[in-house]
**Student:** 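Below are the structure tokens for one structure; questions will follow.
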Amino acid sequence: MDYSDVSTIAAWVTEQGLKGVSEAELMTGFCAACRKAGLPLDRGLALMDTLHPVHEGRAFRWDSVEEIEVEFEYGPTISGEAAANWQRSAFYHLWSGNEREVRRRLGFGDPIDFAMLDKIAEAGHTDFVAMMHRFSEAGTIGEMDCFFSHFATKHPQGFSDHDLAILRKLVPVLGLAIKCIALGRIARTIAEVYLGEDAARQVMEGKISRGKSERISAALWFSDLLNYTKISDRVPPEEIIPLLNDYSEVAISAIHEAGGNVLKLIGDGVLAIFKGEVPAETCRAALSAESLLREKLVTLNAARAADSRPTTDVYIGLHIGDVFYGNIGSQNRLDFTVIGPAVNEVSRIASMCRSVDLNLLISSDFAAAIPEEERAALACVGRYALRGVQRAQELYTLDSARLAD
């Protein structure tokens with residue numbers, strides 16, 4: 001492999017990074033191109049921490065012969081077996097010290113003193129090199145502070161000095177391209193986590209101008225927790241966040257599984273929408289989410305009661321109407337949300353649950369949007385004036401007796 005190949009491969013990596021191909025495709029293509037050009041690569045791995053509420057980072061692997069999982073995510077490495085494995089790795093050795101590269105000539109008597117080196121040696125690899133390229137403070141996001149990679153060969157003489165020189169020139173280009181792609185993934189993750197999947201998609205598509213919104217018809221969901229204030233007053237403060245997390249998890253997962261989008265978490269409250277062209281279908285999706293939530297609550301409350309932790313129920317208001325969906329706020333602080341009288345109404349409907357001692361109330365507009373044969377499962381609970389809403393309206397709930405039949 002000569003230095004003209006370095007320019008060719010570097011240009012290819014740069015092009016693929018700008019195109020936004022996946023990190024796994026980039027790693028696979030890089031290693032295959034190096035091997036084709038004469039660099040004796042037989043195994044490669046790259047990894048980088050990320051900014052994600054569940055995963056600590058993502059890794060990408062390549063092997064010249066074996067069929068392997070080319071991409072995987074890994075969880076926290078701060079405790080237990082995961083921490084022990086991390087601290088035994090060549091990457092930890094680099095990260096915790098001052099070196100940028102560590103090499104073990106496995107076929108020539110070097111110690112097998114890092115995690116996984118024994119398996120790499122058993123597979124017939126004769127040489128191993130691990131590299132770390134650290135980011136500056138300005139280039140660090142969360143725990144994503146460096147790019148790790150390692151490479152191994154089965155060549156009888158191992159890596160030559162020329163081979164290592166080639167890798168030292170090319171790997172930073174690979175790291176930059178993978179970081180570029182990872183940053184795009186992080187941006188999408190943050191947007192989805194804090195805005196919701198649909199709102200995030202619209203923001204990432206460029207809908208970020210203040211006042212840019214669209215009028216849509218949607219089924220609306222507003223829910224909150226029964227006796228949350230009383231519970232928070234009587235339990236230790238450290239129990240409040242786990243309680244909110246537990247009940248938010250079942251509500252949000254039920255909404256997502258039924259095709260809805262969560263727009264707001266307001267203390268113990270959840271505002272969500274179900275978009276669609278056919279009102280009956282959006283209402284059906286909202287009712288499906290309500291049913292899923294009730295199933296999840298049975299399991300959650302049983303588990304919390306078994307641990308002697310406080311349990312509660314979820315009040316839900318369902319409504320349908322036209323809303324404006326888009327950006328509201330100042331020039332430098334925007335919120336992608338829904339506004340309109342229907343949003344105010346659904347929150348008031350949910351608040352009425354306490355007064356009528358029911359955990360679900362449905363507006364007359366929502367009931368009217370349901371096909372007549374399905375409307376038989378609803379029971380009218382009376383006509384009510386809602387605070388801040390001009391017109392009184394009939395409210396409905398699910399008729400448990402009819403549902404049982």
**Student:** How long is the span from the OG1 atom in Thr126 to the CG atom in Asp42, to the nearest 0.5 Å?
**Tutor:**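 Here the rounded value is 8.0 Å.
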**Student:** Does Ser248 reach the main-chain N or O of Leu244 with its side chain, forming a donor-acceptor pair under 3.5 Å?
**Tutor:**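 Flag set: sc Ser248 to bb Leu244 pair under 3.5 Å.
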**Student:** Could you report the tightest heavy-atom contact between Phe222 and Ser347, atom names first, then the distance?
**Tutor:**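 That would be CG-CA, 4.0 Å.
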**Student:** Report, as yes or no, whether the 6.0 Å neighbourhood of atom CG on Asp233 holds more than 12 heavy atoms from other residues, nucleotides or ligands.
**Tutor:**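 Buried by this count: over 12 neighbours within 6.0 Å.
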**Student:** Please examine the side chains of Leu271 and Val338, heavy atoms only from C-beta on, and report whether any two atoms are closer than 4.5 Å.
**Tutor:**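 Of all side-chain heavy-atom pairs linking Leu271 with Val338, at least one is under 4.5 Å.
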**Student:** Donor-acceptor pairs under 3.5 Å, side chain of residues 174-186 to any protein atom, not counting sequence neighbours: which ones?
**Tutor:**
{"unit_1": "Lys179", "atom_1": "NZ", "unit_2": "Gly139", "atom_2": "O", "d": "2.9"}
{"unit_1": "Arg185", "atom_1": "NE", "unit_2": "Glu23", "atom_2": "OE2", "d": "3.2"}
{"unit_1": "Arg185", "atom_1": "NH2", "unit_2": "Glu23", "atom_2": "OE1", "d": "2.7"}

**Student:** With a 4.5 Å limit on heavy-atom distance, are the side chains of Val270 and Leu265 in contact?
**Tutor:**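 SC-SC contact between Val270 and Leu265 confirmed.
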**Student:** So does Trp86 have more than 12 non-hydrogen atoms from other groups sitting under 6.0 Å from CH2?
**Tutor:**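 More than 12 within 6.0 Å, yes.
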**Student:** Working to the nearest 0.5 Å, report the span between CG of Asp49 and SG of Cys146.
**Tutor:**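 Asp49 CG to Cys146 SG: 7.0 Å, rounded to 0.5 Å.
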**Student:** Any carboxylate oxygen within less than 4.0 angstrom of a Lys/Arg side-chain nitrogen, looking at Glu66 and Arg61?
**Tutor:**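 Salt bridge: no.
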**Student:** Whether Glu205 and Arg201 form a salt bridge (side-chain N of Lys/Arg under 4.0 Å from carboxylate O of Asp/Glu) is what I want to check.
**Tutor:**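 The answer is yes: the pair qualifies as a salt bridge.
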**Student:** Check whether any side-chain heavy atom of Lys275 lies under 4.5 Å from a side-chain heavy atom of Thr282, and answer yes or no.
**Tutor:**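 Result no, sub-4.5 Å side-chain heavy-atom pair not found.
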**Student:** Does OH in Tyr194 sit with more than 12 non-hydrogen atoms of other residues, nucleotides or ligands closer than 6.0 Å?
**Tutor:**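 Check fails, neighbour count at 12 or below.
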**Student:** Below 4.5 Å, heavy atoms only, C-beta onward: do Pro371 and Arg284 meet side chain to side chain?
**Tutor:**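 Counting from C-beta outward, Pro371 and Arg284 do come under 4.5 Å.
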**Student:** Do Trp95 and Met132 have side chains that approach each other closer than 4.5 Å (heavy atoms only, starting at C-beta)?
**Tutor:**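 They are in side-chain contact.
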**Student:** Taking the ring of Tyr325 and the ring of Phe336, is the distance between their centroids below 6.0 Å?
**Tutor:**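 Judged by ring-centre distance (under 6.0 Å), Phe336 and Tyr325 do meet the cut-off.
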**Student:** Quick one: salt bridge (Lys or Arg N to Asp or Glu O under 4.0 Å) pairs with a partner in residues 348-368, sequence neighbours left out?
**Tutor:**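 Sorted pair list: Asp224-Arg354, Asp365-Arg391.
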**Student:** Under a 4.5 Å cut-off applied to non-hydrogen side-chain atoms, are Asn327 and Ser209 in contact?
**Tutor:**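 Answer no - side chains too far apart.
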**Student:** Under 3.5 Å, side chain of Thr50 to main-chain N/O of His52, donor-acceptor pair present?
**Tutor:**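 Not at all, since once roles are kept as given, no pair shorter than 3.5 Å links the two residues.
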**Student:** May I have the list of side-chain donor-acceptor pairs in residues 5-16 shorter than 3.5 Å, sequence neighbours left out?
**Tutor:**
{"unit_1": "Asp5", "atom_1": "OD2", "unit_2": "Asp2", "atom_2": "N", "d": "3.2"}
{"unit_1": "Thr8", "atom_1": "OG1", "unit_2": "Ser4", "atom_2": "O", "d": "3.2"}
{"unit_1": "Thr14", "atom_1": "OG1", "unit_2": "Ala10", "atom_2": "O", "d": "2.8"}

**Student:** Ignoring hydrogens and angles, tell me if any N or O in the side chain of Thr153 forms a donor-acceptor pair with the backbone of Pro40 under 3.5 Å.
**Tutor:**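 Yes, because the side chain of Thr153 sits within donor-acceptor range (under 3.5 Å) of the backbone of Pro40.
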**Student:** Counting only N and O atoms by type, is there a donor-acceptor contact under 3.5 Å from the side chain of Arg43 to the main-chain atoms of Asp63?
**Tutor:**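 Looks like no, no N/O pair under 3.5 Å.
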**Student:** Which label fits His150 and Phe128: parallel for a plane angle under 30°, tilted from 30 to 60°, or perpendicular past 60°?
**Tutor:**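 It falls in the tilted class, 30° to 60°.
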**Student:** Sub-3.5 Å donor-acceptor pair from the side chain of Ser291 to the main-chain atoms of Leu287, do we have one?
**Tutor:**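 Not confirmed, Ser291 side chain does not pair with Leu287 backbone.
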**Student:** Between His55 and Tyr74 (judged by ring centroids, cut-off 6.0 Å), do the two rings come close enough to count as a pair?
**Tutor:**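 Distance test on ring centres: not under 6.0 Å, no.
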**Student:** What distance do Leu360 atom CG and Leu398 atom CG have between them, rounded to the nearest 0.5 Å?
**Tutor:**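 Reported value, rounded in 0.5 Å steps: 5.0 Å.
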**Student:** Is it the case that the side chain of Thr312 and the backbone of Leu226 share a donor-acceptor pair, with hydrogens and angles ignored and the cut-off at 3.5 Å?
**Tutor:**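 Checking the backbone N and O of Leu226 against the side chain of Thr312, a donor-acceptor pair under 3.5 Å is found.
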**Student:** Calculate, to the nearest 0.5 Å, the distance between atoms NE2 and CD1 belonging to His162 and Ile166 respectively.
**Tutor:**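 His162 atom NE2 to Ile166 atom CD1 measures 4.0 Å (nearest 0.5 Å).
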**Student:** Taking atom CG as the centre, does Asp307 end up with more than 12 heavy-atom neighbours from other residues, nucleotides or ligands that are less than 6.0 angstrom away?
**Tutor:**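 More than 12 heavy atoms, drawn from other residues, nucleotides or ligands, come within 6.0 Å of this atom.
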**Student:** Looking only at heavy atoms, which two atoms of Pro76 and Ala82 are closest? And how far apart?
**Tutor:**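 That closest heavy-atom pairing would be O-CB, 3.6 Å.
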**Student:** Is it true that atom CD of Glu197 has more than 12 heavy atoms of other residues, nucleotides or ligands lying nearer than 6.0 Å?
**Tutor:**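 Open: at most 12 neighbouring heavy atoms sit under 6.0 Å from CD of Glu197.
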**Student:** Mind running side-chain contact (heavy atoms from CB on, under 4.5 Å) on Ile240 and Val235 for me, showing each step along the way?
**Tutor:** CA-CA 7 Å; Ile240 300 302; Val235 303; 3.3 Å; yes
**Student:** Evaluate the criterion side-chain contact (heavy atoms from CB on, under 4.5 Å) for residue pair Leu106 and Ile112; output intermediate values, then yes/no.
**Tutor:** CA-CA 7 Å; Leu106 304 174; Ile112 299 177; 4.2 Å; yes
**Student:** Between Asp113 and Arg104, does any NZ, NE, NH1 or NH2 come within less than 4.0 Å of an OD or OE carboxylate oxygen?
**Tutor:**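 So Arg104 pairs with Asp113 through a salt bridge.
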**Student:** Taking all heavy atoms of His125 and all of Ala152, pick out the closest pair and write down the distance.
**Tutor:**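 For His125 versus Ala152, the nearest heavy atoms are CD2-CB, 3.7 Å.
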**Student:** Assess the residue pair Glu345 and Gln393 against the criterion (side-chain contact (heavy atoms from CB on, under 4.5 Å)); give the C-alpha distance rounded to whole Å, side-chain angles, the decisive distance to 0.1 Å, and a yes or no.
**Tutor:** CA-CA 10 Å; Glu345 287 184 48; Gln393 64 172 283; 3.2 Å; yes
**Student:** Measure the spacing between CG of Leu243 and CG of Asp268 and express it to the nearest 0.5 Å.
**Tutor:**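 That separation rounds to 9.0 Å.
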**Student:** Walk me through whether Val250 and Leu293 qualify under side-chain contact (heavy atoms from CB on, under 4.5 Å).
**Tutor:** CA-CA 6 Å; Val250 294; Leu293 171 59; 3.8 Å; yes
**Student:** Which heavy atom of Ala218 sits nearest a heavy atom of Ile273, and at what distance?
**Tutor:**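 Minimum heavy-atom separation between Ala218 and Ile273: CB-CB, 4.3 Å.
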**Student:** Specify the closest pair of heavy atoms between Gln157 and Arg105, including all atoms of both residues, with the distance to one decimal.
**Tutor:**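 Shortest heavy-atom contact: O-NH1, 3.8 Å.
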**Student:** Can you confirm whether the side chains of Asn332 and Ser330 place a donor and an acceptor under 3.5 Å from each other?
**Tutor:**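 Side-chain D/A pair, Asn332 to Ser330: present.
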**Student:** Please list all pairs meeting ring pair (Phe, Tyr, Trp, His ring centres under 6.0 Å) that have one or both residues in residues 246-279, counting only residues at least two apart or in different chains.
**Tutor:**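 Sorted result for residues 246-279: empty, none.
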**Student:** Please test Arg294 against Glu290 for salt bridge (Lys or Arg N to Asp or Glu O under 4.0 Å), starting from the C-alpha separation and ending with a verdict.
**Tutor:** CA-CA 6 Å; Arg294 298 302 167 197; Glu290 191 273 343; 2.8 Å; yes
**Student:** Quick check on salt bridge (Lys or Arg N to Asp or Glu O under 4.0 Å): which of Asp163, Asp110, Asp127 does Arg103 satisfy it with?
**Tutor:**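 Result for salt bridge (Lys or Arg N to Asp or Glu O under 4.0 Å) with Arg103: Asp127.
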**Student:** Are there more than 12 heavy atoms of other residues, nucleotides or ligands under 6.0 Å from atom CD of Glu81?
**Tutor:**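 No.
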**Student:** Looking just at side-chain N and O atoms, do Thr28 and Glu25 make a donor-acceptor pair shorter than 3.5 Å?
**Tutor:**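 There is no such pair (donor and acceptor under 3.5 Å, judged by atom type) between the side chains of Thr28 and Glu25.
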**Student:** Which residues satisfy the ring pair (Phe, Tyr, Trp, His ring centres under 6.0 Å) test with Phe159, sequence neighbours excluded?
**Tutor:**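 Result, ring pair (Phe, Tyr, Trp, His ring centres under 6.0 Å) vs Phe159: none returned.
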**Student:** I want to check something: taking the side chain as every heavy atom from C-beta on, are Phe60 and Leu26 in contact at a cut-off of under 4.5 Å?
**Tutor:**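 In short, these two side chains do not touch, never coming nearer than 4.5 Å.
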**Student:** In Å, rounded to the nearest 0.5 Å, how long is the span from CZ of Arg100 to NE2 of His133?
**Tutor:**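 NE2 of His133 is found 7.0 Å from CZ of Arg100.
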**Student:** Under 3.5 Å, is there a donor on one side chain and an acceptor on the other for Asp198 and Gln202?
**Tutor:**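 Distance-only check passes for Asp198 and Gln202.
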**Student:** Between Val314 and Asn359, is any pair of side-chain heavy atoms under 4.5 Å apart?
**Tutor:**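 In short, these two side chains do not touch, never coming nearer than 4.5 Å.
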**Student:** Indicate the atoms forming the closest heavy-atom contact of Ala342 with His319, along with that distance.
**Tutor:**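 Taking every non-hydrogen atom into account, O-CD2, 3.4 Å.
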**Student:** Sorted by first residue and then second, give each salt bridge (Lys or Arg N to Asp or Glu O under 4.0 Å) pair with at least one member in residues 139-158; sequence neighbours left out.
**Tutor:**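 Pairs touching residues 139-158 that pass the test: none.
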